[in-house]
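First the structure, in the form of C-alpha cells, and then the observations on it.
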Amino acid sequence: MDYPLLERGVQQWWDDHDILKKYLNRNEQASKRWSFVDGPITANNPMGVHHAWGRTYKDLWQRFNTMRGYRQRYQNGFDSQGLWVEVEVEKELGFKNKREIEEYGIGLFVEKCKERVLRFAERITEQSLRLGEWMDSPNSYYTMSDENNYTIWGMLRTCWQNGWIYRGRDVMPWCPRCATGISDMEINEGRRTVQHTSVYARFPLVDRPGEYLLVWTTTPWTLPANVACAVNPDLHYVKVEQDGDFYYLSADVVGKLNKLRGHEHGAAKVVETLEGRDLLGWRYTGPFDELPAWQDAGAEHRVVAWDEVTAAEGTGIVHIAPGCGREDFGLSKGDHLAVLAPVDENGVYLDGYDWLTGMSVGEVARPIFENLREKGYFYQTESYQHVYPHCWRCGTELIFRLVNEWFISMHELRERLIRIANDIRWIPAFGLDRELDWLRNMEDWMISKKRYWGLALPIYVCDDCDEFEVIGSREELRERAVEGWEQFDGHTPHRPWVDAVKIRCAKCGGFASRILDVGNPWLDAGIVPFSTLHYRGNREYWREWFPADFITESFPGQFRNWFYSMLVMAAALEDTAPFKTVLGFATLKDEKGEEMHKSKGNSIPFDEAAHVVGADTMRWLYVTHAPEQNLNFPRIPTDEEAEAARAKGQPPRLSDLWMQTRSALDKLWNVYSFFVTYANIDEFDPTTRSLAVSKRSDLDRWVLSELQATVQRATEGLADFDAESASLAVAAFIENLSNWYVRRSRRRFWKSEEDADKRAAYLTLYECLVTVTKLLAPLTPFLAESLYQNLVRSVDASAPESVHLCDWPVADVKLLSPRLHDETSLVMRMVNLGRAAREKAQIRVRQPLGVLYARVGSDAEAEALQRLASQVLEELNVKRLELLPADSDMLVYSLKPLMKVLGPKHGNLAQKVLAALRATDAHAGAEALRERGSLVLKVDKQEVTLTADEVEVEASAREGYVAAEERGAVAVIETTLTPELLAEGLVRDFTHLVQEVRKHAGLAIEDSIETWLSTDADLAAIAVEYRGYIEQETLSKRFTVQSEGASLAPSGDGVYRENIPAAKLNGHAATVTVRKAR
RNA sequence: GGGCGAUUAGCUCAGUUGGUUAGAGCGCCGCUCUGAUAAGGCGGAGGUCCGUGGUUCGAAUCCACGAUCGCCCA
C-alpha cells in the first residue's frame, strides 16, 4: 500500500468536488454549537512533524463534532508579532544589532516582518491541508491584526483603570544582542550548562592594613559596579594568613583555598575565627574606585548582611553590584546602597568607566583579570561549570541589567486566576497542579520589550509631569490626538507610524508620547478568546462562542505562556474561564528519545514525513499514543531510499516501528481488499440485498455485537477527549474482524452459489467495513474517504457525497450480545490451546487429527463449547471434540492457594498453612474439594479447614499427553494418525500445492482450470479417491490423474507445469500441470 | 538549592486496597499457516522489579536512607 499516493488521489478528488467547503458548511444551520479555539502557531518557519501532533488533535475533534452535527468555527490562527520574527528577518537582511534596523528604517523592517509572517502562514496552511486538517483558511486570524492589537489595548486600559499597570525599575534578565529584557516566562527556555572563568578577588580593608576580603564572582564584568560585600551574620568566618597577607573568608572554604592557591600562593593558616556579624560595617576599597562612575557616586564600600549567603560556592563573602543582579538590587533597597548600572542596552559600558567604556560585557573578562592583577586585587581564577540563562531566541548569554519596564501587577489578579484555573478541566489532571504552581509563584508580568515588531503598548507618558495613562482604542486615540494623527492614519497600529501620535496629558496638559516599547507576544496570543470572537464589536457573537469548549496544545511551556496569558486576559476582562477543557500533550522526540532540534539535525520537516510516510499514518501514530507521554517519532526513510523505491514502482520501505504503528490500517485495507475482490467476482450489490440480523449466523451476530461495542467505545472516548482509547478500540475491532471474522468466513465467500449464508456474510462484512470507515473518518481522513467512495458511493448515489459529510455512527444496542462475546472468547481460547498442543506434537494444521479432548473452567463453558464445537474443530482441523471428565486420567491437578483470602484469615499462621498445603497430595486434595467442598490440613498440631474459596484447583494434562493449558482450560490432542487421516492430510497438502501452481501460473482467483497430475501409484489412488474435493477446492473442471506411461498433459501456450519434490508431499514426487479451462 | 515524579525484559511501557510462578506490545531465535495480507498463529530465550535497611505471616507495591534520571521552581 502506497499511502502517500492514495492520499494525493483523495486530495485531488476533494478539490475537484469542493468537499472542504461542503464540510465547513455542513452544520451552518445547526442549533447546537461546539467552540474550539486554535492556539496560534508561530508563522515564522515551515511546520515540523511535532506541529502535526497537536494539529491532528485539533482537526480530529472538529471533525468528530462536525459529524455529530455541531456548528463550529473552523478558524486557525497565526502568531505573528514578536522577537522570533524579528530575529529571522534580521538574519535575512544580514543585520547584527538594533542600530542596523534603525538605519534601515523601522517602517521598512516592520513591513518585512509582516511579509515573512504572511509567507509562512501560507506555507503552514498548505502543510496543514496536506495533514488533512480542514480549516476555514481564508478566515484565519493573525495576532498582528488590528482587531487583535486593539482588543489588547482595551484590556490594558481596563488593567490601568484597576491600577494594575505600573512602571518598574528593576534588574531584569537582558539579552545584549536583541537589546531587550527577557521575561520570567522566557528565561527558562534558554537555560544551558556552560563553562565560565570565575575569579577570586581580594578587596583591601580600609581600617585593617594588610587584610583583605576574599570574594568570588562568575561575572567579572560586574566588578566595576561593585558597591558592597555581603556576609551571612550567622556563618562562621576565619582570618587566614598567607604569604604575609591576611584574608577573610568562610570557615568552610579554607580547604578550598589551599587547593586553589596554585603556584602563586603559599600555605594558608587560620589565625582567627569569627562570626559573620563581626564583619558587618567594615569598609573596604573597591576594585574600580578610580573610575569616574564610582567617584561620582559619592559612596563607600562596606560589608552588609544577607542571610542567603552560604559557603557552598565561592568564599562566603559575596560581591554585590546592585545594578547587575536581582538579589543585589533587592539588597540595595534595604541597605540604601548606591546603584551603578554600568552597561547600555547592547551590553556596552557607558561613559564613566574609563578604559572599559565602549567595550562589551562579553569581551572584558580577560582585561579585567589583568587590570585586577596590576592593581593588586587579583587572587586567582577558576574554571566553573554552571547552568546559565541564554536568550531563548538567539542563544546569547543573558546579563542582568537595571531597566525601566512596564508590568501588570498580579497582586489582585492572582486569586482570581487560581479560582479560574480550578474551574477548568485539565487533561492530564496534573496540568492543574502545574498551572497552580505557576500562579502561586509567578511575579508581576513584565509586558514591555524594547523592540520594533509587536503590539504597540498604548501607554502614554507626559513629557512634562511624567504621569502616564493607557489608551484603550483607536477611536480614543483619535479623540485625544493633538499631533501626528495624519502620519498614523491609514496604518496598522505598529511602530513607527503609531509613535507619531501625541496626546495631551490629562493631568498637566503637557504633551504625552507613547513609550517606544512593544508588548510581550503572549499578550497577543492570550487575547485570542476575545479578539477572534469579536469581543469589541459584537458582544452577542462573543457570548455565543465564549468560553471555548476545548483547546489543545503541547503543555511544556504553555502553563506559563498561552494558558497563563489567556487566564490573565479572561480574569481581567470577565473574571471567568476562557476555556472549559484543555488537553495537553507531551513532547515529540526523535527515534532514540532525544529532543528534536534543528541545530542537532534530528528534527524532521513535516513535508518529508508526509511525502514518505503519509498523513494518515502520522495521524494514526499520534491518536493511538498516550498524550501525556513523550512520543518517539520513528525514523523515516531518507530521500534517497524513498526515491530508489519509487523508481522501482514501490512505496518506500518503512521501519518496523512504522509498520507496527500502521498495522491496524493495513489489516483494514486487507479486509477491504478481500471484500472488494469477492464482491466484484460475485457482483454483490449491498443496496439490493438484505437479510435480517436475526437470520444470520452466530459468527455474524458476534461480529456485529463487537461492532456496536466498538462504536460505543469510540464515541465515549472521543467525547471524553481520549483519542487513544477510541482509536485503540477501533484497532482492536479491526483485529477481530480480520483474524477471526474473515478468517472464519472465507469459505462462505469462496463458494460458488449465492445462498442466504453467503448473503449474510457479505452484508455483515459490508456493514462492519462501512461503520469502521466512518469511525476512522476523523482519525485517518484520507483512508476513510478512499474506502467510503468505493464501498458506499460507488453503489449508492443517494449516500452523502463524502464520508466527512456523514453522520457519526450510533451504536445499535439491540445488537449487543455479551453471551456471544463470552462464548466466542472461549472458542478462541480453545483454538489457541489446540494450536499450541499441535505445535508441541509437531503436527502441522493441514494434517487432520482424530480427537481433541477439552476441559474448561465451568459447566456453562462446557455446554457452550459443545454447542460451538464445530468452529473449534474446523479451525484446528480435528474430527471430534470430547470434554474431559474431572476424573480423567489424562488430567493432573495442582492446588493453588488464594493468599488474598488465606493471608488475612490465618495471619501469623499463613506461611505454615501454605507449607502444609504444598505438602498435601494434590490429587487427593482436589478430590476432597470436589467431593466435600473442603480440605483439612494439620498445622502446628491443630486442624485447619480450607474451603473451595480458599484453594483453587488447577487442572493440567498429565505427562505424556500432548496438551496445552491456560487459566483452567486444557486441550489434549490425540496424535495417532490412521491411514485415512494421513490420506486426508496428503490431499490437503496436494490441494495447497495446486493453489500455489495456480498462483505461479498467474491465474485469477475465479478462473476455472484443467489439471493433470502425474505421480506414484499410492498418491494417484488417493487423488482419485478425493477427486471431488480436489476439483472443488482448486476450481478444476477436469482433473486427470496418471501413475505410469507417457504424460497425458498437454504442453504449449497457456499450459503451466511444475515438478513437486517428494519432500513436499510426504514422500510422493509429482508433476502438476494446469491450464485455464476453456 | 527547594518541590514533585520516576527507576520493572534488548526497546516502549502495564502492574488493582501488599497476597507468594511479575505481564503486554515490539525486537530476537525456532516452528507454522495462508488464493486477503509488509498479515496471522504457536513456542523459546530474555528480569537482582535501581541499591541498602526496615514494617509485615507475606513487599515490585508501604516506610527510611542513598544513587541515577526527568519535570517544576529558585
Side-chain angles (χ1 to χ4, degrees), chain A residues 1 184 187-188 191 308 310 312-313 326-327 387 430 433-438 440-443 555-557 559-560 586-587 589 591-593 625-626 629-632 634 650-651 653-664 666-678 735 738-740 742-743 745-746 749-750 765 828 831-846 875-877 894 896-915 918 964 988 991-992 994-1000 1003-1007 1033-1035:
Chain A
M1 257 305 285
D184 278 345
I187 191 169
N188 282 284
R191 288 190 198 279
E308 297 290 311
T310 69
E313 286 176 329
R326 283 185 130 168
E327 292 80 7
V387 177
F430 67 71
D433 299 331
R434 285 257 194 107
E435 190 65 47
L436 290 177
D437 188 53
W438 164 249
R440 289 191 190 105
N441 294 305
M442 68 190 174
E443 308 276 331
F555 52 55
F559 294 107
R560 48 172 59 206
T587 304
K589 307 281 187 87
E591 53 173 338
K592 298 194 204 93
H625 186 76
Q629 278 170 9
N630 290 338
L631 171 53
N632 297 350
Q650 291 163 353
R653 187 129 200 125
L654 300 183
S655 65
D656 288 333
L657 275 173
W658 276 118
M659 294 315 298
Q660 177 192 335
T661 300
R662 214 178 65 182
S663 68
D666 285 339
K667 275 180 203 164
L668 177 66
W669 183 265
N670 291 326
V671 172
Y672 159 77
S673 107
F674 172 87
F675 174 86
V676 169
T677 301
Y678 288 98
E735 170 74 25
S738 171
N739 284 325
W740 193 254
V742 171
R743 184 187 166 80
S745 298
R746 262 183 295 196
F749 294 93
W750 290 346
L765 183 53
M828 289 173 170
V831 166
N832 283 345
L833 291 175
R835 274 202 274 258
R838 269 184 174 277
E839 163 71 17
K840 276 189 192 166
Q842 288 287 294
I843 301 174
R844 65 202 195 290
V845 178
R846 271 203 298 270
E875 194 66 20
L876 287 172
N877 196 14
S894 60
K896 192 182 165 204
L898 297 175
M899 290 309 293
K900 216 162 180 169
V901 186
L902 283 173
K905 186 167 172 187
H906 298 287
N908 288 347
L909 228 50
Q911 297 304 313
K912 286 178 177 167
V913 172
L914 186 60
R918 284 190 178 140
R988 287 190 60 156
T991 311
H992 168 63
V994 175
Q995 306 289 29
E996 298 257 292
V997 172
R998 280 183 61 116
K999 209 194 281 188
H1000 296 159
L1003 293 161
I1005 291 169
E1006 67 274 21
D1007 285 342
E1033 288 295 308
T1034 61
L1035 295 184

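We name chains A, B, ... by the order of the sequence lines, and we start the count at 1 in each one. What you are looking at is a predicted structure, and each value in this text was computed from that prediction instead of being measured.
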Please work out if [X] contacts a base, only the sugar-phosphate, or nothing of the nucleic acid, heavy-atom cut-off 4.0 Å.
X	value
A/Lys667	sugar-phosphate
A/Phe430	nothing
A/Leu1003	base

Only Watson-Crick and G-U wobble pairs, only distances under 3.5 Å, only runs of 3 or more: what stems does that leave for RNA chain B?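 The stems that RNA chain B takes part in, listed by first number, are B:1-7 with B:67-73, B:10-13 with B:23-26, B:28-32 with B:40-44, B:50-54 with B:62-66.
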Nucleotide [N], atom [atom2] - distance to [atom1] of [X] in whole Å:
X	N	atom1	atom2	result
A/Leu657	B/G25	CG	P	16 Å
A/Phe674	B/A36	CZ	P	6 Å
A/Glu327	B/A74	CD	C1'	9 Å
A/Glu591	B/U12	CD	C1'	14 Å

Salt bridge present between A/Arg743 and A/Glu875 (N-O < 4.0 angstrom):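 Yes, this pair counts.
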I'd like to know if the side chain of A/Gln995 reaches the main chain of A/Glu1033, judged simply by a donor and an acceptor atom lying under 3.5 Å from each other, with no hydrogens or angles considered.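 Yes, A/Gln995 side chain to A/Glu1033 backbone: donor-acceptor pair under 3.5 Å.
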So does A/Ala586 get a backbone contact from the side chain of A/Asn630, meaning a donor-acceptor N/O pair under 3.5 Å?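 The answer is no, because no donor-acceptor pair under 3.5 Å joins these two groups.
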Examine the base of B/G35 for any acceptor or donor lying under 3.5 Å from a partner atom in the side chain of A/Arg998, and report the outcome as yes or no.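 For A/Arg998, whose side chain was compared with the base of B/G35, there is a donor-acceptor pair (under 3.5 Å).
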Under 3.5 Å, is there an N or O donor on one side and an acceptor on the other linking the side chain of A/Ser738 and the base of B/A36?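 For A/Ser738, whose side chain was compared with the base of B/A36, there is a donor-acceptor pair (under 3.5 Å).
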Given side chains that start at C-beta, do those of A/Asp1007 and A/Arg998 come closer than 4.5 Å, heavy atoms only?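 In short, these two side chains touch, coming nearer than 4.5 Å.
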Just jot down the side-chain hydrogen bond (donor to acceptor under 3.5 Å, both in side chains) partners of A/Glu735, sequence neighbours excluded, or say none.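 Once residues adjacent in sequence are excluded, the partners of A/Glu735 under the side-chain hydrogen bond (donor to acceptor under 3.5 Å, both in side chains) criterion are A/Lys667, A/Asn739.
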